[in-house]
A.B. asks: 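Here it is: the structure, laid out below.
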Amino acid sequence: MKTLFLKVDPENPGPTKIQAAARIIQQGGLVAFPTETVYGLGADALNPAAVLALFEAKKRPLDNPPIVHVADPEEVCRLVEEVPPKGAVLMEKFWPGPLTLIFKRSNIVPQVTVAGLETVAIRMPKHKVALELIKQSRCPIAAPSANLAGKPSPTTAQHVYEDLNGRIDCILDGGATNIGVESTVVDLSVDPPMLLRPGGTPYEALKEVLEDLKLHPFVQAEQEISLHEVRSPGMKHKHYAPKAEVILVEGNVPAVIAKVKELAESYRLKSAKVGILATDETQVAYKADVVKSLGSRFNLAAVARNLFRLLREVDAENVDVIIAEGVSSEGLGLAVMNRLRKASGYRIIKTEE
Ligand code: AMP
Ligand code: MG
């Protein structure tokens, strides 16, 4: 399959290229497009054959449903059984934006789109290209992240190209995404509502609006959870894994620096090629084959924005091991730490002074 690559201005996409992409969606094809979080791989959410092709292109397990994207909160009504009052409050306050809500689904949503579940995950993105594509396609768009399953999510069209060129119909290139981690997922099919995946909307901001919101234990898990604790299918799948082994070092900064140095040295003695994911404040402390900074420890939004790109960049250097520093779990840090822990396969070293 030849993948059509179309560059668009993220602020002013214009009608022509979006219309071409929308036609592909309407014909059951697959289009990768930028959102404010990461790039999504879109298909008509109400066309079962198109959604099945989407799983195949990504090599995504069929039991892990995508998020359905809408361009207008009104569109939610026909996709769900009901919008509970707490859902209405969250939509009013956080849409468009990086927040996905889980509702009991209506019968028009095909089985494959929800992986046979009784619920559906819906989000209204805040990105002109994404919104225009959904509007022009005149259907809700099912869109998981536009990477091969298990790889770090794509934050540029180039990342999508690396993973999916020749496997999908079209890539809309709207530049690098702004938030860099996926949306926060909140389950409203249960009461009290439960945060299943931390992401671009901070837990603290949601909690201000929804006092009884609970964090699923998996969000901060430091080891793999057992299957009976799984609430979101995505929880049990391998994620964000570079080719290299990843070790995450958590703790206070001086102790983290000491531990990262010690690990880097022990791998060097074994002739391993070592990559370090440091921060602006700590990177000068290290000598290794590859040292990159995630950003400042005091700017967790920047760390979130850089995270997936840097995991890919360090991996592309063919290192044997990536030693990553942990950051604070406040704000966007909760999403960053959740992704780093998963990327490490829960190889986490806690340090103390
Ligand atoms: P992605 O589309 O790659 O951002 O992943 C979507 C995430 O939402 C995955 O972790 C899914 O498991 C989760 N998800 C999608 N639909 C549901 C649902 N109905 N119930 C719980 N989690 C869901
Ligand atoms: Mg994904």
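All residue numbers refer to positions in the sequence shown, counting from 1. Both counts, for ligands and for their atoms, begin at 1 and track the order of listing.
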A.B. asks: Output the list of atoms in ligand 1 that are nearer than 4.0 Å to some heavy atom of Ala121, sorted by atom number.
C.D. replies: 15 (C), 16 (N), 17 (C)

A.B. asks: For Ile102, counting its heavy atoms only, list the atoms of ligand 1 lying under 4.0 Å from any of them.
C.D. replies: 17 (C), 18 (C), 20 (N), 21 (C), 22 (N), 23 (C)

A.B. asks: What pair of heavy atoms forms the shortest contact from Ser106 to Arg78, and how long is it?
C.D. replies: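 In terms of heavy atoms, the two residues are closest at OG-O, 2.6 Å.
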
A.B. asks: Any carboxylate oxygen within less than 4.0 angstrom of a Lys/Arg side-chain nitrogen, looking at Glu56 and Arg167?
C.D. replies: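 Result for this pair is no, no salt bridge flagged.
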
A.B. asks: Which protein N, O or S atoms lie under 2.8 Å from the Mg ion (ligand 2)?
C.D. replies: Ser145 OG

A.B. asks: Could you check whether any heavy atom of Asn64 sits closer than 4.0 Å to an atom of ligand 1, since that is the contact criterion I want to use?
C.D. replies: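 It does; at least one heavy atom falls under 4.0 Å.
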
A.B. asks: Compute the shortest N/O to N/O distance between Glu182 and ligand 1 and return yes if it is under 3.5 Å, no if not.
C.D. replies: no

A.B. asks: Considering only the protein, which heavy-atom contact is closest to atom 22 (N) of ligand 1, and what is its distance?
C.D. replies: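 The closest heavy atom on the protein side is Ser232 OG, 2.8 Å.
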
A.B. asks: When you compare the side chain of Glu281 with that of Phe298, does any pair of heavy atoms fall below 4.5 Å?
C.D. replies: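 The answer is yes; the side chains approach within 4.5 Å.
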
A.B. asks: Quick one: does Leu79's side chain get under 4.5 Å of Phe103's, heavy atoms only?
C.D. replies: no

A.B. asks: Among protein heavy atoms, which sits nearest to atom 2 (O) of ligand 1, and what does the distance come to when rounded to 0.1 Å?
C.D. replies: Pro144 CA, 2.9 Å

A.B. asks: Which atoms of ligand 1 are found less than 4.0 Å from any heavy atom of Arg197?
C.D. replies: 1 (P), 4 (O), 5 (O), 6 (C), 7 (C)

A.B. asks: Mark yes or no: Lys270 above the aromatic ring of Tyr267, with NZ or CZ under 6.0 Å from the six-membered ring centre and no more than 45 degrees from the axis.
C.D. replies: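 Positive - Lys270 is close enough to the ring of Tyr267 and near enough to its axis.
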
A.B. asks: Regarding ligand 1, does Arg60 bring an N or O atom to under 3.5 Å of one of the ligand's N or O atoms?
C.D. replies: yes

A.B. asks: May I ask you to identify the nearest protein heavy atom to atom 10 (O) of ligand 1, giving residue, atom name and distance to one decimal place in Å?
C.D. replies: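 Answer for atom 10 (O) of ligand 1: Gly234 CA, 3.5 Å.
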
A.B. asks: Considering non-hydrogen atoms of the protein only, which is the closest contact for atom 15 (C) of ligand 1, and what is the distance?
C.D. replies: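 Of every protein heavy atom, Pro65 O, 3.2 Å lies nearest to atom 15 (C) of ligand 1.
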
A.B. asks: With a 4.0 Å cut-off, would you call Glu208 and Lys93 a salt bridge?
C.D. replies: no

A.B. asks: Which atoms of ligand 1 sit under 4.0 Å from any heavy atom of Thr119?
C.D. replies: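 Reading through ligand 1 atom by atom, the close ones are 18 (C), 19 (N), 20 (N).
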
A.B. asks: Under the salt bridge (charged side-chain N to carboxylate O under 4.0 Å, His left out) test against Asp163, which residue among Arg312, Lys151, Lys59, Arg60 passes?
C.D. replies: Arg312

